[in-house]
Amino acid sequence: MSNNNNEEVNDLEVHDLAEVLEAVDINNNNNNDNEEVNELEAVDNNNDDINEAVVPQANNEDDIEVNDDDVFNVLLILASIMSGEDHHEQAAATMAAIAMMRRSLSQLARYSPSQGTLRVDIATFGLENPELMLQPNDLLLPYWRRFCEALSSISSSGCISLVLSAVQLDVEVMGMLLGSFKKSPLKQLTLNQNGLGAQGLKFVVRAIDLNTSLECLDIRNNIIESKDDAAFLVNEVIKHPTIDTLILDKCGFQDDSLMKAIIPALDNMLAISLEENKIGKAGVELIAECLASNPLLKCLSLKGDLLTDQNAQVLAEALKTNTNLRHLNLKDNSFTNVGISRLFELVYSAIDLNAIHESNHSCRLVDTENELSGFNILMDPKRNRHAKLFMALSSRFNMLYLDDTPIEIMPKVITFVQGRGQLKEGSNLGLNSVYGIMSEWNMPLLYTGSSCL
């Protein structure tokens with residue numbers, strides 16, 4: 001997640017932080033589902049036929065200059081705008097999508113793998129209605145064809161992050177995209193607010209299968225309607241050889257059965273985002289049970305999930321046995337001081353040094369008021385523990401007295417402390433004893449002569 005020189009754990013961006021999946025086979029007895037799959041397969045398998053009328057590939061800047069077709073399409077769009085209020089937003093969204101595709105053609109034409117990751121966006125955001133989703137229309141098909149051909153032309157050594165936002169994909173466009181996915185080197189696929197549904201999830205799974213180097217799947221703002229759909233998706237993601245980051249923000253996981261289908265992903269991924277899903281009590285308990293088993297998961301975002309103080313207690317208990325999770329985002333939840341205090345005790349219980357020593361030193365908690373973010377910021381848990389113990393001791397006496405102390409003298413210090421501890425009948429010399437002795441000790445005397453030892 002970070003190189004060795006980077007001491008701080010970066011916030012889970014999940015590439016605007018990343019989203020999750022769920023597993024199990026699709027119900028093959030559903031005839032309607034089978035018909036949808038067959039239709040998509042037909043378009044995918046006959047992709048060469050689809051592209052017979054494709055506009056020439058964008059290999060140079062001349063290919064992306066304005067031509068008569070572009071002008072004609074813009075005139076059609078303007079006519080639809082003038083035809084009435086009902087078509088205004090869709091017409092504006094169409095123009096926005098065309099502009100984005102033209103820009104993407106230019107980016108792809110100039111791209112070289114030596115440039116690193118290229119983010120390619122096709123989106124219709126920024127319009128009057130933030131919930132607007134561009135509906136499929138024939139005016140866009142030539143642009144989709146040009147775009148998919150350009151995407152297919154990228155060398156396998158390249159690295160593409162593809163973002164499709166607020167654009168509904170019909171079967172023909174899905175087929176063209178799948179044809180390009182067979183050749184394009186996708187590292188991240190983001191499908192945001194596309195109205196995917198069960199048919200769209202089949203497209204997502206096919207896209208995953210075609211891209212064996214895909215690392216991040218982001219399907220935020222797409223409602224997953226059933227536990228079977230959730231399980232189908234998660235199962236395919238888990239089987240993928242390289243996907244380690246999943247983003248499932250705003251996918252509608254209020255239903256406990258849906259959350260149960262999602263849980264296997266927590267056992268197999270490195271980063272998962274479940275933001276704004278209004279996860280209920282049962283969902284939090286499922287997550288906590290998984291975290292307590294110490295899965296490989298490094299980053300988890302539960303931002304804006306309406307979590308309560310009771311949920312904070314459950315999560316804190318789970319993290320007592322977790323040493324792998326490094327970043328837990330809890331911003332914008334419904335915690336009071338009670339919940340915050342419980343989480344604070346998890347990462348830094350100042351009751352005594354033993355409690356501090358036994359607290360969680362791996363997970364960095366991020367909350368709205370930033371009260372918890374100052375702990376566990378280093379990559380090495382041992383260094384986080386040392387920082388807390390140093391802070392506790394420094395609150396009782398000036399630890400800077402030891403700054404210039406030769407390391408060779410420290411065994412004598414420990415010998416002295418042990419000797420004092422053994423003077424107490426039946427005492428067990430632990431961190432508390434060390435703390436008690438050293439907090440009363442006039443440290444400068446250590447260096448005035450050997451008599452104090």
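With sequence neighbours left out, the salt bridge (charged side-chain N to carboxylate O under 4.0 Å, His left out) criterion links D121 to R119. Every residue two or more places apart in sequence or in another chain that forms a side-chain contact (heavy atoms from CB on, under 4.5 Å) with T336 is listed here: D309, V338. Every residue meeting the side-chain contact (heavy atoms from CB on, under 4.5 Å) condition with S157, not counting sequence neighbours, appears here in chain and number order: P113, S155.
Electrostatic pairing of K239 and E236 counts as a salt bridge here, judged by a charged N lying under 4.0 Å from a carboxylate O. Note on E172 versus R145: salt bridge recorded, some NZ/NE/NH1/NH2 to OD/OE distance being below 4.0 Å. Between K382 and D380 there is no salt bridge, since no side-chain N of the basic residue sits under 4.0 Å from a carboxylate O of the acidic one.
Atom-to-atom distance recorded for I154:CD1 and I160:CD1 is 5.0 Å, nearest 0.5 angstrom. Here I279 contributes atom CD1 and D256 contributes atom CG; the two are 10.5 Å apart, rounded to the nearest 0.5 Å. For the atom pair CD1 of I223 and CD of Q193, the computed distance is 10.5 Å after rounding to the nearest 0.5 Å. Rounded to the nearest 0.5 Å, atoms CE (M133) and CD (Q168) are 4.5 Å apart. Note that CG of L189 and SG of C216 are 8.5 Å apart. Values are rounded to the nearest 0.5 Å. Distance check: K250 NZ to K278 NZ gives 10.0 Å after rounding to the nearest 0.5 Å.
Between I238 and A265, the shortest heavy-atom distance links the atoms CD1-N, 4.2 Å. Closest approach of W144 to M176, counting heavy atoms only: CB-CE, 3.8 Å. When all heavy atoms of C251 and N277 are compared, the pair lying nearest together is N-OD1, 2.8 Å. The nearest pair of heavy atoms linking S184 to L151 is CB-O, 3.4 Å. Contact between L274 and I272 at its shortest, heavy atoms only, is CG-CG2, 3.9 Å. N311 and L306 make their closest contact through OD1-O, 4.3 Å (heavy atoms, listed as atom of the first residue, atom of the second, distance).
With hydrogens and angles ignored, the 3.5 Å screen pairs no side-chain donor or acceptor of N221 with any backbone N or O of N192. Within the 3.5 Å criterion, the main-chain N or O of T212 finds a donor-acceptor partner in the side chain of T242. Side-chain atoms of N333 come within 3.5 Å of backbone atoms of L302 as a donor-acceptor pair (strictly under, hydrogens ignored). In this structure, N322 contributes its side chain and L319 its backbone to no donor-acceptor pair below 3.5 Å. A donor-acceptor pair is defined here as one N or O able to donate and one able to accept, closer than 3.5 Å; no such pair exists between the side chain of D332 and the backbone of G304. Looking only at distances, a side-chain donor or acceptor of H240 sits under 3.5 Å from a matching main-chain atom of N211. Between the side chain of N194 and the backbone N or O of L164 there is at least one donor-acceptor pair closer than 3.5 Å.
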(request) Any chance you could lay out the side chain to side chain contact (heavy atoms under 4.5 Å, CB included) test for S153 and Y111, step after step, and finish with the verdict? (result) CA-CA 10 Å; S153 69; Y111 175 67; over 6 Å; no

(request) Evaluate side chain to side chain contact (heavy atoms under 4.5 Å, CB included) for I243 paired with M269, printing each intermediate quantity in order. (result) CA-CA 8 Å; I243 293 178; M269 298 293 109; 4.1 Å; yes

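Contacts classified as side chain to side chain donor-acceptor pair (under 3.5 Å) and involving residues 132-141 (residues at least two apart or in different chains) are given here: T94-N137. Each salt bridge (charged side-chain N to carboxylate O under 4.0 Å, His left out) pair with one or both residues in residues 310-320, not counting sequence neighbours, appears once here: E317-K320, E317-R342.
Proximity of T323 to P381: side-chain heavy atoms (C-beta onward) are nowhere separated by under 4.5 Å. Counting heavy atoms from C-beta outward, R364 and V347 have side chains that stay 4.5 Å or more apart. The shortest distance between side-chain heavy atoms of N268 and L296 does not fall below 4.5 Å. At a threshold of 4.5 Å between non-hydrogen side-chain atoms, the residues V366 and K303 do not count as touching.
Using cut-offs of 30° and 60° on the angle between ring planes, the pair F375 and F344 is perpendicular.
Side-chain contact annotation: T321 with N294, donor-acceptor N/O pair under 3.5 Å absent. In summary, the side chains of S226 and D228 do not present any donor paired with an acceptor at a separation below 3.5 Å, with no hydrogens or angles considered.
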For a quick test of your reading: what N or O donor-acceptor pairs under 3.5 Å do the side chains of residues 280-293 make, sequence neighbours left out?
| unit_1 | atom_1 | unit_2 | atom_2 | d |
| --- | --- | --- | --- | --- |
| S293 | OG | C290 | O | 2.5 |

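Other residues, nucleotides and ligands place no more than 12 heavy atoms under 6.0 Å from the NZ atom of K183.
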